[in-house]
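Take a look at the structure set out below.
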Amino acid sequence: MLERVLYHNHCFDGAASAAYFSRFIAGAFHPDAEFRYTGMAHTASQMFDPGLFDGDENAIVDFKYSSDPRLTWWFDHHQSAFLNEEDAEHFRRDTTGRKLYDPSYKSCTSFICAVGRERFGFSAPDLDDLVHWSLIIDGAQYPDAKTAVEMGAPAMKLTLVIEAAKGSATVQRIIGWMQHRELTEIVAEPEIQALYEPLYRRHMESIELIRSRSQRSDGVVFFDLAGHDIEGYNKFVPYYLFPDATYTVSVSPSSYRTKISVGSNPWAPSICGPHTPRLRDRVGDRCACATLLKTVPA
């Protein structure tokens, strides 16, 4: 039988979710299943082409919900899991027990792991390291900025390759390897090393570029990368360079847009400390930082 798996493309947790889900299905339900993968990207109005669901069973992991009746399995943990209220209501009416959602999980891989173990009696202890790193990477649970930026761990090296890979072929080979191999073995593959080394050099260059373009004021780091050949950067670099910073505001280019980003330092001793009294607006239990953009210099 054919198991079609749609996953969040160019994302470590998306790839790890597809890998763990495949082990789960093969181990608990269909040992002879053939798996084929389709990488999905978030857009402003994501619609699922009906041709995507061509398997005997069809699954979506780490990505938005679809109400297509051919969808067999769904796992997600994102707050933005539903495109509209109709999809959310369709999910609430599901009685199959195979459409599963829990935004309390830091990674979709760990969610699939928990459901497989608790509801279906499936476990894959050889994938514990994969689950562990999915939590750290997707949940941004790094112990410090050095771990997040210096790319020492195999999972971090693999993340760099997955996020920058052109097309889906490389990511899908990694998904296949993740199902039965250690991350250290995957990173050592000549194909992965050939991709990683220039990406790492570019990563190091981006650190120096951000350092040279940054200004600090009142606990906030500002930098503008417009006009430079850089599309995306490690969001923890500012806190690696300026560990005493509480917030960052950045402008960065891409092939189709210019992005303004606002971030907060997860290792800051106090997000709303005495040096930032104007940032005390609250939304739920988190600082809203509603007036931060007013401090961006012209």
Check for me, please, whether Leu209 and Ile260 land in the same ILVMFWY cluster - side-chain distances under 4.5 Å, paths through other members count. no
Restricting to non-hydrogen atoms, name the atom on Leu71 and the atom on Ser66 that form the minimum distance, rounded to 0.1 Å. CD2-O, 3.3 Å
Assess, by modelled atom type and distance only, whether the side chains of Asn9 and Ser168 contain a donor and an acceptor separated by less than 3.5 Å. yes
Does Tyr239 use its side chain to pair, donor to acceptor, with the backbone of Ser264 at less than 3.5 Å? yes
Quick check against the 3.5 Å criterion: does Arg181 have a side-chain atom that pairs as donor or acceptor with the backbone of Ile186? no
What heavy-atom pair brings Ala165 and Thr170 nearest, and what distance separates the two atoms? CB-CB, 4.2 Å
Answer yes when Asp244 and Arg216 have at least one side-chain N-carboxylate O distance shorter than 4.0 Å, and no when they do not. yes
State plainly whether the residues Arg70 and Asp68 are in salt-bridge range, i.e. N to O under 4.0 Å. yes
Between Ser22 and Tyr37, which heavy-atom pair has the shortest distance, and what is it? OG-OH, 2.7 Å
Ring centre gap for Phe63 and Trp73 strictly below 6.0 Å: no
Once you measure the plane-to-plane angle for Phe48 and Phe53, does it fall in the parallel (<30°), tilted (30-60°) or perpendicular (>60°) bin? tilted
Side-chain H-bond candidate by donor/acceptor type, Arg98 with Thr72, under 3.5 Å: no
Please step through side-chain contact (heavy atoms from CB on, under 4.5 Å) for the pair Phe21 and Val5, ending with a clear verdict. CA-CA 9 Å; Phe21 175 80; Val5 182; 4.0 Å; yes
Between CE of Met40 and CG of Asp49, what distance do you get to the nearest 0.5 Å? 9.0 Å
Distance in Å, Ile174 CD1 paired with Gln179 CD, rounded so as to fall on 0.5 Å steps: 12.5 Å
Classify the ring geometry of Tyr105 against Phe111: parallel below 30°, tilted from 30° to 60°, perpendicular beyond 60°. tilted
Distance-only, no hydrogens or angles: does the Asn58 side chain make a donor-acceptor pair with backbone N or O of Gly55 under 3.5 Å? yes
Side chains of Arg201 and Met204 in contact at under 4.5 Å (non-hydrogen atoms): no
What about Phe82 and Tyr101, are their ring centers closer than 6.0 Å? yes
Output yes when a side-chain donor or acceptor of Lys259 lies under 3.5 Å from a complementary backbone atom of Pro253, and no otherwise. no
Look at the side chain of Ser107 and the backbone N and O of Ser110, then say whether any donor-acceptor pair between them is shorter than 3.5 Å. yes
ILVMFWY cluster, Ile192 and Leu199 together (side-chain gap under 4.5 Å): yes
Strictly distance-based, threshold 3.5 Å: is any side-chain N or O of Lys157 a donor or acceptor partner for the main-chain N or O of Tyr196? no
Is any side-chain heavy atom of Arg211 less than 4.5 Å from a side-chain heavy atom of Val237? no
For the backbone of Phe223 and the side chain of Arg213, can you confirm whether one donor and one acceptor N or O come within less than 3.5 Å of each other? no
From Phe242 CZ over to Thr248 OG1, what is the distance, rounded to the nearest 0.5 angstrom? 11.0 Å
Residues Lys106 and Asp13 bridged, charged N to O under 4.0 Å: no
May I ask you to say whether Glu197 pairs ionically with Arg202, meaning some side-chain N is under 4.0 Å from a carboxylate O? no
Of all heavy-atom pairs linking Gly39 and Gln172, the shortest is N-NE2, 4.0 Å
NZ/NE/NH1/NH2 to OD/OE distance under 4.0 Å, Glu191 and Arg173: yes
With side-chain contact (heavy atoms from CB on, under 4.5 Å) as the criterion, how do Ser261 and Val249 come out once you've worked through the C-alpha distance, each side chain's angles and the decisive distance to 0.1 Å? CA-CA 6 Å; Ser261 302; Val249 178; over 6 Å; no
Would you say that Arg4 contacts Phe35 through its side chain, given a criterion of any heavy-atom pair below 4.5 Å between the two side chains? no
Going from SG on Cys113 to CD on Glu118, what distance comes out if it is rounded to the nearest 0.5 angstrom? 8.5 Å
Distance col, row Lys166:NZ vs His10:NE2, nearest 0.5 angstrom, shows 8.5 Å
Do you know which two heavy atoms are closest between Tyr142 and Met156, and how far apart they sit? CE2-SD, 3.5 Å
Residue pair Trp74, Asp94: steps toward the side-chain contact (heavy atoms from CB on, under 4.5 Å) verdict: CA-CA 11 Å; Trp74 178 64; Asp94 179 74; over 6 Å; no
Tell me if the centroids of the rings in Phe236 and Trp267 come within less than 6.0 Å of each other. yes
Expected output: side-chain His77 to main-chain Asp102 donor-acceptor under 3.5 Å: no
N/O donor-acceptor pair under 3.5 Å between Ser214 side chain and Ile210 backbone: yes
Got His30 and Glu57 here, is their nearest side-chain heavy-atom distance under 4.5 Å? yes
Is any side-chain heavy atom of Met151 closer than 4.5 Å to a side-chain heavy atom of Asn234? yes
State whether the side chain of Asp218 and the backbone N or O of Val220 hold a donor-acceptor pair below 3.5 Å, judged by distance alone. no
Here the pair of heavy atoms bringing Phe122 nearest to Gly27 is CE1-CA, 3.8 Å
Report the C-alpha distance between Met178 and Leu127 in whole Å, list the side-chain angles of each, state the deciding distance to 0.1 Å, and finish with yes or no for side-chain contact (heavy atoms from CB on, under 4.5 Å). CA-CA 8 Å; Met178 279 178 166; Leu127 298 185; over 6 Å; no
In terms of the angle between their ring planes, are Tyr65 and His90 parallel, tilted or perpendicular, with boundaries placed at 30° and 60°? tilted
Taking atom CZ as the centre, does Arg119 end up with more than 12 heavy-atom neighbours from other residues, nucleotides or ligands that are less than 6.0 angstrom away? no
Do Lys64 and Asp76 have side chains that approach each other closer than 4.5 Å (heavy atoms only, starting at C-beta)? no
dist Tyr233:OH -> His228:NE2 (nearest 0.5 Å) comes out at 13.5 Å
Are Ile175 and Tyr7 packed together at the side-chain level, in the sense that at least one heavy-atom pair is separated by less than 4.5 angstrom? yes
Sub-4.5 Å side-chain heavy-atom contact between Asp62 and Phe75: no
Shared ILVMFWY cluster between Ile60 and Phe24, side chains joined below 4.5 angstrom? no
Under 4.5 Å between side-chain heavy atoms, counting indirect links through other Ile/Leu/Val/Met/Phe/Trp/Tyr residues: same cluster for Phe120 and Val131 or not? yes
Side-chain donor-acceptor contact under 3.5 Å, Ser134 with Tyr20: no
Would you say Val171 and Ile112 are hydrophobically clustered, going by side-chain heavy atoms of ILVMFWY under 4.5 Å? yes
